[in-house]
There are 2 protein chains.
Amino acid sequence: MAPSTAHDGPLGLRERKKARTRDALVDAALRRFTEHGFAATTTEEIAADVEVSQRTFFRYFASKEDAVLAVQEHIEEKFLAKLAARPLEEPPIEALSNALRDTWAELDERTTQTQLLVLRLLEDCPPLLAAHLRRLSEHQDRLVELIARRTGVDPATDLRPRLVAAAFGSVSHVAHVVCHQRGCRGAADLRSTIGECLDELVPALTEPWGTAGPAAPAAD
Amino acid sequence: MAPSTAHDGPLGLRERKKARTRDALVDAALRRFTEHGFAATTTEEIAADVEVSQRTFFRYFASKEDAVLAVQEHIEEKFLAKLAARPLEEPPIEALSNALRDTWAELDERTTQTQLLVLRLLEDCPPLLAAHLRRLSEHQDRLVELIARRTGVDPATDLRPRLVAAAFGSVSHVAHVVCHQRGCRGAADLRSTIGECLDELVPALTEPWGTAGPAAPAAD
DNA sequence: CCCATCATGTCAGTGACTGACAAATGGCAA
DNA sequence: TTGCCATTTGTCAGTCACTGACATGATGGG
């Protein structure tokens, strides 16, 4: 359940305390939101759980939503690193897809559980979804830059980096929604759903649809 | 500049007054947001411009953001209608692309200008963007239903309607961003940018990228 | 051991948004 | 026209997210 914001390194006492407070706030927010709902929870309650003032809560997070969404930073950073590590010969969409698979391949079960929990929250809480989508769009802007650099095209004149980043981003969002809809429970479920979505995108766009199902029908 | 919420039909005096008030509120919001910025404008000021109370403002719009985003309803409805009118033989992504072209093809210059203005607001105002993205995601859910029905597949088991709707949605959003970036001025600019984005999506995903630019290089 | 730095608490204030009630206004029928 | 009902609106009070300013206390370096 805890956020696990990898804080190793030689940090001062001060820094470690801050990290602990932050983690505790995320934890408390997650718990209260799941138990009583996002709307029914006040930032003061979250702060009280951790025994800090509301003002302190807002020094750690810019908004109530951010306390939950913070758990995604970790994954986003990892993803960018994985992408940078993919061989340059891979076509952009392949590199992105593989980077995403690489990312989820090495997340531990607890992190995955937290993610699934957040996805559930997103689904039945519009303001949370809105904040999440905005984050995603900022993440996509960074993706555009990386893709442009990796392929050597100019994102100001060439639309393709934007298009691929956007398509990819929306597919990974679909994967999340589908995970929630299917009631995925563990890392394995999540990974296979993500894999399916990535695999089916291009065929869905380019191949005729037999009504019987996609090229690789679900084994049921 | 005015919203132009096509209100013809045999409406009572009451309904017409409501429509006028609503339009006036959208109008005032748009004006104040562009002149002083979204954050620096209060809902009370908007209400005062139209000479109604703040409470009335919130009876028309669920949030400050909604007053701007309301101008998109019109287009979304039109788009859904255009999609329904596309021949069933068209593959889904083609039908969506053509429906979007059809939609923008018959919007008048004033509506287009309003849209461009809204796009500009979205770009430099995160909360507005967040609300917009949330709207888009709801719109996409409706798209999924329509696509599934039109192709006869079950959206609960087949991922393709979701994938195509998501990819399409993200591409049209890219088109908007690019329009803003390029400083598109009129309906013609907007239409050609949208066309470009739609045309380049599949090639960007399936064809190798020459660094010289896409299949149809910018004339520059 | 002292001092500069930084995290925190307190307080007051703004502004989005809501429920409840009362007043006014449009629509309709007698 | 008049009277009645439904709907719209204004007012008021309240909640809650979020912020700036200032005071206090802890930390870590010298």
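By convention in this document, chain letters (A, B, ...) are assigned in the order of the sequence lines, proteins followed by strands, and residues within each chain are numbered from 1. As a basis for the values below, the full set of heavy atoms in this structure was taken, side chains included, without hydrogen atoms, waters or symmetry mates.
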> A:Glu73 and A:Arg22: salt bridge (charged side-chain N to carboxylate O under 4.0 Å, His left out), yes or no, with the steps?
Replying inline: CA-CA 13 Å; A:Glu73 287 166 9; A:Arg22 188 184 159 93; 3.3 Å; yes
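Under a cut-off of 6.0 angstrom, the local environment of CD in B:Glu109 is crowded, with over 12 non-hydrogen atoms contributed by other residues, nucleotides or ligands.
In this structure, the nucleotide among C:dC17, D:dA17, D:dT11 sitting nearest to the side chain of A:Gln54 is D:dA17. Of the candidate nucleotides D:dC12, D:dT9, C:dC17, D:dC12 has the atom nearest to the side chain of B:Arg55.
Here B:Thr42 lies in heavy-atom contact (under 4.0 Å) with sugar-phosphate atoms only. Residue contacts shown for B:Tyr60 are limited to sugar-phosphate atoms, with no base heavy atom under 4.0 Å away. Across all strands shown, B:Phe57 has no heavy atoms under 4.0 Å from either base or sugar-phosphate atoms. Using a 4.0 Å heavy-atom criterion, one finds that A:Glu51 contacts the sugar-phosphate atoms exclusively. Within the nucleic acid shown, A:Thr43 comes within 4.0 Å of sugar-phosphate atoms alone, with no base atom in reach, counting heavy atoms only. Nucleic acid contact class of A:Lys17 (heavy atoms, under 4.0 Å, all strands): none.
Judged by distance alone with a 3.5 Å cut-off, a donor-acceptor contact links the side chain of B:Arg59 to the base of D:dG10. A donor-acceptor contact under 3.5 Å is formed by the side chain of B:Arg14 with the base of D:dT7.
Distance A:Phe58 CZ to C:dA7 C1': 17 Å, rounded to the nearest Å. One atom, CD of B:Glu15, and another, C1' of C:dG27, lie 11 Å apart when rounded to the nearest Å. Distance B:Glu44 CD to C:dA16 C1': 10 Å, rounded to the nearest Å. B:Leu128 has its CG atom 13 Å from the P atom of C:dA16, to the nearest Å. Summarising the geometry, the separation between CZ on B:Arg22 and C1' on D:dT8 is reported as 15 Å, rounded to the nearest angstrom. For the pair A:Phe61 CZ and C:dT8 P, the interatomic distance rounds to 11 Å; values are reported in whole Å. Counting to the nearest Å, the C1' atom of D:dA17 and the CG atom of A:Leu25 are 16 Å from each other.
Each of B:Ala62 and A:Val52 was matched to the nucleotide of DNA chain C holding its nearest heavy atom; the match closer to the 5' end belongs to A:Val52.
Ring geometry for A:Phe57 versus A:Phe61: interplanar angle of 30 to 60°, hence tilted. Ring geometry for B:Phe79 versus B:Phe168: interplanar angle under 30°, hence parallel rather than tilted (30 to 60°).
The existence of a salt bridge linking A:Arg135 and A:Asp66 is excluded, since no basic side-chain nitrogen approaches an acidic carboxylate oxygen closer than 4.0 Å.
Contact check, A:Lys64 against D:dC16: no side-chain N or O comes under 4.0 Å of OP1 or OP2.
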